[in-house]
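Excluded from the calculations below are hydrogen atoms, water molecules and symmetry mates; all remaining heavy atoms, backbone and side chain alike, are included. Indexing begins at 1, ligand by ligand and atom by atom, following the structure's order. Source: prediction; values computed, not measured. Throughout, numbering of the chain's residues begins at 1 and tracks the sequence.
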Amino acid sequence: MMRAALNLIGEEATLVVWLTDLLMDYQAIIEEIHGEALALKGQGRVATYIPALAAVDPARFGIAIETIDGGIFAVGDAAEKFSIQSISKVFNLALGISLVGDELWHRVGMEPSGNAFNSLVQLEVENGLPRNPFINAGALVVTDVLLDHLKRPNEEMLNFVRKLRCSEIFYNEEVAASEKATGFTNTALVNFMKSYGNIHHEVDEVLDVYCHQCSIEMTCAGLCRSFLFLANGGVVPGSGERVLTSSQTKRINAIMLTCGFYDEAGQFAYRVGMPGKSGVGGGIVAVIPGELAIAVWSPELNDRGNSVIGMHALEQFTSRTGMSIF
Ligand code: GLN
């Protein structure tokens with residue numbers, strides 16, 4: 001209410017953000033949510049289809065927030081690293097767009113798939129053109145685009161995330177190798193798209209870069225920091241570096257809202273009301289443009305591959321604060 005009133009007065013955006021931070025005790029809010037959400041433990045299951053992920057402790061639970069004016073809030077296991085998995089698809093897309101701009105959309109769509117993240121079914125009727133960059137097929141094509149333009153895509157990806165003020169970022173080689181050795185569906189997706197001419201590089205090379213991206217390990221706090229440029233029109237707060245144009249940033253946020261949670265994207269928009277992205281490591285990160293990034297990690301997943309407690313915690317956050325993009 002207060003925030004809406006402030007907007008109506010038409011104050012400078014920075015003043016609004018500053019006052020909102022003053023009015024919202026984010027630390028108390030996430031501590032409360034953290035305490036209450038523990039009751040949902042045991043409702044989901046840790047992803048086991050990537051053998052190296054199966055050993056993760058299901059009881060881990062962290063929440064972090066970083067605001068664009070530098071406020072940092074954390075609770076629980078917010079400083080512990082975990083496998084970001086499909087959250088990396090956002091970095092992949094951002095890097096892809098920064099390299100080729102709108103040309104990217106000749107090779108991947110921007111519509112919700114309504115299907116599982118690793119689904120093959122639409123690809124045949126849609127001639128090897130994946131629905132969007134946040135399902136596996138789409139991210140594999142964007143990875144192929146990176147390979148078109150970068151000599152060392154694995155290194156460049158880490159450098160890109162480091163530009164987002166996340167210096168402590170690395171691949172987990174064991175997770176990357178584990179996924180590559182068992183990722184038969186992803187292998188099928190790449191082969192299938194290659195048969196339509198939508199993969200230019202060797203299947204193995206594309207899978208290697210993709211599996212490395214998925215194996216990146218980050219903390220909730222690091223994820224918030226690295227996503228803040230999406231809450232700040234494409235400029236990294238703190239360094240002031242522009243990574244994307246404001247229009248490109250708007251587009252990535254729009255695709256996160258409509259496609260960030262696969263066949264549960266509608267449910268996430270309805271319950272939470274923020275653009276965001278999940279991964280089967282149990283992480284979810286979401287942004288409120290002009291305000292903040294928030295990340296939750298809880299490895300127990302629902303049958304769509306999204307963190308049960310993560311979705312609940314974010315729903316609680318927008319309900320309790322009255323903040324969302326709507
Ligand atoms: N590495 C996972 C896969 O390709 C990523 C999926 C996810 O996080 N939803 O299957």
Side-chain angles (χ1 to χ4, degrees), residues 44-56 60 81-93 108 112-121 123 130-144 146 154 157 171-193 199 203-218 220 223 227 255-256 258-265 267-268 276-286 295-311:
R45 294 181 47 196
V46 170
T48 52
Y49 76 98
I50 300 171
L53 288 186
V56 173
R60 290 282 180 251
K81 287 194 168 180
F82 60 93
S83 195
I84 69 166
Q85 292 297 316
S86 276
I87 295 174
S88 65
K89 290 176 169 67
V90 179
F91 300 138
N92 188 32
L93 176 62
V108 62
S113 69
N115 279 313
F117 61 81
N118 54 1
S119 175
L120 278 147
V121 297
L123 274 180
R131 274 286 173 106
N132 69 68
F134 292 158
I135 50 174
N136 288 10
L140 287 159
V141 167
V142 177
T143 302
D144 192 68
L146 300 190
N154 285 348
M157 174 56 74
Y171 296 118
N172 180 323
E173 292 295 341
E174 188 200 336
V175 172
S178 173
E179 174 158 14
K180 211 173 153 202
T182 56
F184 305 113
T185 310
N186 286 334
T187 309
L189 287 167
V190 185
N191 274 300
F192 196 68
M193 293 187 291
I199 292 286
V203 172
D204 192 66
E205 207 181 349
V206 176
L207 287 170
D208 185 73
V209 176
Y210 171 84
C211 290
H212 272 90
Q213 289 170 7
C214 293
S215 82
I216 291 175
E217 295 195 331
M218 292 175 80
C220 287
L223 273 175
F227 268 62
I255 297 171
M256 285 205 293
T258 52
C259 312
F261 297 82
Y262 326 112
D263 40 349
E264 208 167 32
Q267 169 107 217
F268 190 84
K277 187 73 201 79
S278 63
V280 292
I284 300 180
V285 56
V296 185
W297 174 45
S298 165
E300 290 185 346
L301 309 178
N302 62 20
D303 57 6
R304 310 285 169 93
N306 296 317
S307 170
V308 175
I309 290 184
M311 284 187 66

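In the model, Q267 has no side-chain atom that pairs as donor or acceptor with a side-chain atom of N306 under 3.5 Å. Counted by atom type alone, N136 and K89 present one or more donor-acceptor pairs between their side chains at under 3.5 Å. Checking S86 against Y262 by side-chain atom types alone, a donor-acceptor pair falls below 3.5 Å.
Residue N186 touches ligand 1 through its side chain alone, judged by heavy-atom distances below 4.0 Å. With a 4.0 Å cut-off on non-hydrogen atoms, C214 touches ligand 1 through its side chain and not its backbone.
When hydrogens are left out, the protein atom nearest atom 3 (C) of ligand 1 is E179 OE2, 3.0 Å; that is the closest non-hydrogen contact. Protein heavy atom at the shortest distance from atom 9 (N) of ligand 1 is Y262 OH, 2.8 Å. The single protein non-hydrogen atom nearest to atom 4 (O) of ligand 1 is Y210 OH, 2.6 Å, given as residue, atom name and distance.
Each of the atoms 8 (O) of ligand 1 lies under 4.0 Å from some heavy atom of G279. Taking a cut-off of under 4.0 Å to the non-hydrogen atoms of Y49, the atoms of ligand 1 that pass are 2 (C), 3 (C), 5 (C), 6 (C), 10 (O). Listed by number with element, the atoms of ligand 1 under 4.0 angstrom from any heavy atom of S86 are 5 (C), 6 (C), 7 (C), 8 (O), 9 (N).
In this pair, F117 and Y49 present their aromatic rings tilted. The plane angle is within the 30 to 60° band.
Counting only heavy atoms from C-beta outward, the side chains of L207 and L140 approach each other to under 4.5 Å. A heavy-atom distance below 4.5 Å is found between the side chains of C220 and F82.
Summarising the contacts of atom 2 (C) of ligand 1 with R304, Q85, K89, the nearest heavy atom is found in Q85.
Here's the thing with N136: one of its N/O atoms is less than 3.5 angstrom from an N/O atom of ligand 1. Annotation: F117 places no N or O atom under 3.5 Å from an N or O atom of ligand 1; distance criterion only.
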**Request:** In sequence, state the C-alpha distance, the side-chain angles, and the governing distance for L53 and Q85, and then conclude on side chain to side chain contact (heavy atoms under 4.5 Å, CB included).
**Result:** CA-CA 10 Å; L53 288 186; Q85 292 297 316; 3.9 Å; yes

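Not one N or O on the side chain of N132 forms a donor-acceptor pair closer than 3.5 Å with the backbone of C259.
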